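Here the structure is a predicted model, which is why all the values come from computation and not from measurement. Positions are given from 1, in the same order as the sequence printed here. Just so it is clear, the values below take in all heavy atoms, side chains as well, and ignore hydrogens, waters and symmetry mates.
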Amino acid sequence: MSTALALSDDQASAFDTVTEMLRGAGIDLDDSLLTPPKSSATSVMAITGKAGSGKTLLLSELYKALEAAGVEVVSGDYESRRRKDRRTLAILAPTNKAASVLRFRGVPATTIHRILYTPVYDPEYERIAEWLAGNGDRPKVEGLTDEALDRAHAFYQTNKSIPGALAAAGLRGSDFITGWKRREEPLDIGFIDEASMLDDKQFEDLKDIFPTLLLFGDPAQLAPVNQSGAMVFDKLPEKRVMNLGRIHRQAADNPILDLAHALADPQVDFYRFEKMVEEAASKDDRVVWGQRVEVDLMARSPVLVWRNATRIRLINAFRAVYDAPEDRLIEGEPLICDGLELPLKHRKKRLDLEARGLIKGAQVVYLGEGRKPGFSRLHVIGAEDPQVSAASIVKIEKPDEEEPFIPYAARMGATFLHGAAVTIHKAQGSQWETVQVFAPDLYAAARMNRTEAGQPLWKRLAYVAITRAQDRLIWVVRNRLSKPTGPLRVDDLRSVPAAKLTLASEDPA
């Protein structure tokens, strides 16, 4: 098979095993032949491996092979009209950020939550979506020029995102999406990235939607808090789990991943590991031995910590150096969505906000007050349609105070914590170009001699924190904060829509 040329031996072996599983589901990748599934039973398989082992490359190659065989990829942002003979694939991640990392690599991924609901498109703009998806002729739409349609088409050829393509034409989500409905029919195949983050309930929900599931996960990461150190693929039969053991050249040449893999050596204690970090920093500028937290980075790349007390202390220091007043937020402050406080009667609004990316753990940048009291204008990092206006409950936690300070409080809506620093647990599934790891917290974990799943907790924390860095790792060794080089900015996040249409449930921004 031609894909074998691009894959290592263990990747090729895993590819062949998945190919056999898919053949049982009625999808023959060798002959590009699609037939009805042979069984209604759920089939689950996992591909595991540490950072750099090529899980994402394998996922991408499998996606390309399925698409070439005629399987329709359902991205969550638009679903073409159903055909009786169609076979479907959805590629999912637990968070917006994790999904955006895959999309950046050309894989049309969406969040697990987003696939539970499907958007309802305005019929006029649905014609554009059908055309982009290859199911209709080029439409004529009042108010959109041929140049705008050309921009949409060019964007879709590269990114495979319907909302992104329509945004390139000068539209925004509230122009063409009129609402959301829960998925009524199951899909065929689900690829789940960052599967180490799944809890048992999410796993069961996915099995209800997908008769064929392929999990991609890193067994060295931290298990979900409520899973007692176990990951969902730990419970699969041994023959259903394929481990990628080889670290590829491009990964082996990366000093950040070298440090991450050094943590597997039982002879490496915290002191020896810090010495390795310091030595790596002296040889390669991709690793930095930091004497202080770089405050300029905290607005878009939070400091990763272990303890909540450290997180709260760093957040308040961040706000202090930017002269942020206690009674309000300033534009550019980072927030983390902590969930939605909405009663059941507001189910439609909940679906709208969650589908727009406001799910628990979403990273958000505050853009300013909305037009209604209690509303905030927000940019959801990694979301396909990132500009959102929502009723907000913002909580600023204070050191040594049980109750948080609340500068903004709608009666109900999306709840937020400050996002200048986050716990390593919450950072799982996300990646940033530059990551700052607060080493004194990991030293505290090492001193406590705590373990998780048979491994020292500080090593699991360090591994997750380090592998969040795409290009540069800053290992912060002192409890100090630098001075900002300028004010917080939002100009790079703003997008001006061509029209001012909004959903009836939205605050016009």
Side-chain angles (χ1 to χ4, degrees), residues 51-52 97 101 220-222 251 253-263 268 270-322 332-334 336 363 365 381 418-446 458-486 488-489:
K97 200 72 167 63
V101 169
Q221 289 196 17
L222 295 159
D253 288 341
N254 186 331
I256 298 171
L257 292 184
D258 287 346
L259 290 170
H261 294 299
L263 290 162
V268 173
F270 184 83
Y271 300 101
R272 185 175 174 189
F273 182 72
E274 278 216 316
K275 189 66 175 175
M276 295 172 69
V277 175
E278 192 171 13
E279 290 173 355
S282 69
K283 300 173 183 176
D284 197 307
D285 59 9
R286 287 175 288 181
V287 178
V288 178
W289 183 260
Q291 295 294 327
R292 62 184 63 81
V293 175
E294 296 298 329
V295 70
D296 287 336
L297 295 173
M298 294 172 71
R300 303 293 171 83
S301 179
V303 181
L304 305 188
V305 304
W306 173 46
R307 298 175 292 190
N308 261 320
T310 307
R311 178 180 64 85
I312 294 169
R313 190 170 66 249
L314 285 170
I315 285 168
N316 281 272
F318 170 88
R319 300 199 79 232
V321 298
Y322 281 108
E333 287 198 68
I336 299 290
Q363 185 184 358
V365 177
I381 301 293
H418 206 278
V422 302
T423 61
I424 294 168
H425 263 102
K426 283 196 173 182
Q428 284 199 137
S430 294
Q431 281 194 312
W432 295 272
E433 287 185 7
T434 299
V435 163
Q436 299 187 83
V437 179
F438 195 71
D441 256 23
L442 299 185
Y443 175 61
W458 80 265
K459 285 191 171 186
R460 296 183 79 93
L461 290 166
Y463 178 87
V464 171
I466 287 170
T467 54
R468 299 312 91 203
Q470 289 175 297
D471 301 319
R472 190 162 168 256
L473 168 69
I474 302 177
W475 186 263
V476 180
V477 296
R478 292 184 181 274
N479 189 12
R480 295 176 180 173
L481 204 68
S482 69
K483 292 182 179 180
T485 59
L488 292 173
R489 58 178 299 199

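- For the residue pair V422 and A427, the shortest heavy atom distance occurs at CG2-CB, 4.2 Å.
- Here the side chains of E274 and V477 are in contact, with some heavy-atom distance below 4.5 Å.
- In this structure, F270 and L442 have side chains that are in contact, with non-hydrogen atoms separated by less than 4.5 Å.
- Scanning all heavy atoms of the two residues, the minimum distance from A299 to P334 falls at O-CB, 3.2 Å.
- One finds the CG atom of D296 at 11.0 Å from the CZ atom of R489 (value rounded to the nearest 0.5 Å).
- To the nearest 0.5 Å, atom CD1 of residue I315 and atom NE2 of residue H418 are 6.5 Å apart.
- Here the straight-line distance linking atom CZ of F438 with atom CG of D441 works out to 6.0 Å at 0.5 Å rounding.
- Note that the CD atom of E294 and the OG1 atom of T485 stand 9.0 Å from one another [nearest 0.5 Å].
- The pair R319-E333 meets the salt-bridge criterion, with a side-chain N (NZ, NE, NH1 or NH2) lying under 4.0 Å from an Asp/Glu carboxylate O.
- Within the 4.5 Å cutoff, the side chain of V305 has heavy atoms near those of the V303 side chain.
- In this structure, CH2 in W306 is found 7.0 Å from CG in L461, a value given to the nearest 0.5 Å.
- The closest side-chain heavy-atom distance from V476 to V437 is not below 4.5 Å.
- Side chain of Q470 to main chain of T434: no donor-acceptor pair is present (N/O by atom type, distance under 3.5 Å, no hydrogens or angles).
- Between the side chain of S301 and the backbone N or O of M298 there is no donor-acceptor pair closer than 3.5 Å.
- For A444 against R307, the heavy-atom pair with the smallest separation is CB-NH1, 3.5 Å.
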task = In sequence, state the C-alpha distance, the side-chain angles, and the governing distance for E278 and V287, and then conclude on side-chain contact (heavy atoms from CB on, under 4.5 Å).
result = CA-CA 8 Å; E278 192 171 13; V287 178; over 6 Å; no
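- The two atoms that bring P484 and V321 nearest to each other are CG-O, 3.9 Å, heavy atoms only.
- Atom NE2 of H261 sits about 10.5 Å away from atom CD1 of I466, to the nearest 0.5 Å.
- At least one side-chain heavy atom of I336 sits under 4.5 Å from a side-chain heavy atom of Q363.
- Exactly one residue among D285, V277, D284 makes a side chain to side chain contact (heavy atoms under 4.5 Å, CB included) with P255. That residue is D284.
- Counting heavy atoms from C-beta outward, R286 and L473 have side chains that stay 4.5 Å or more apart.
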ask   = Can you list the steps and then say if E433 with R472 is a side-chain contact (heavy atoms from CB on, under 4.5 Å)?
value = CA-CA 6 Å; E433 287 185 7; R472 190 162 168 256; over 6 Å; no
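- Considering only heavy atoms from C-beta on, L259 comes within 4.5 Å of M276 through its side chain.
- When all heavy atoms of N254 and I256 are compared, the closest pair comes out as OD1-N, 2.8 Å.
- Using modelled atom types, one side-chain atom of R468 and one backbone atom of V464 make a donor-acceptor pair closer than 3.5 Å.
- The shortest distance between side-chain heavy atoms of L304 and W432 falls below 4.5 Å.
- Although no hydrogens or angles enter the test, the distance criterion places no donor-acceptor pair under 3.5 Å between the side chain of R311 and the main chain of T423.
- Using bins of under 30°, 30° to 60° and over 60° for the plane-to-plane angle, the ring pair Y271/Y443 lands in the perpendicular bin.
- A donor-acceptor distance shorter than 3.5 angstrom exists from the side chain of T467 to the backbone of Y463, with no hydrogens or angles considered.
- Put simply, the side chain of R478 never gets that close to the backbone of R292: no donor and acceptor are under 3.5 Å apart.
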query = Does the pair F273 and W475 meet the rule for a ring pair (Phe, Tyr, Trp, His ring centres under 6.0 Å), with working shown?
reply = CA-CA 11 Å; F273 182 72; W475 186 263; 5.6 Å; yes
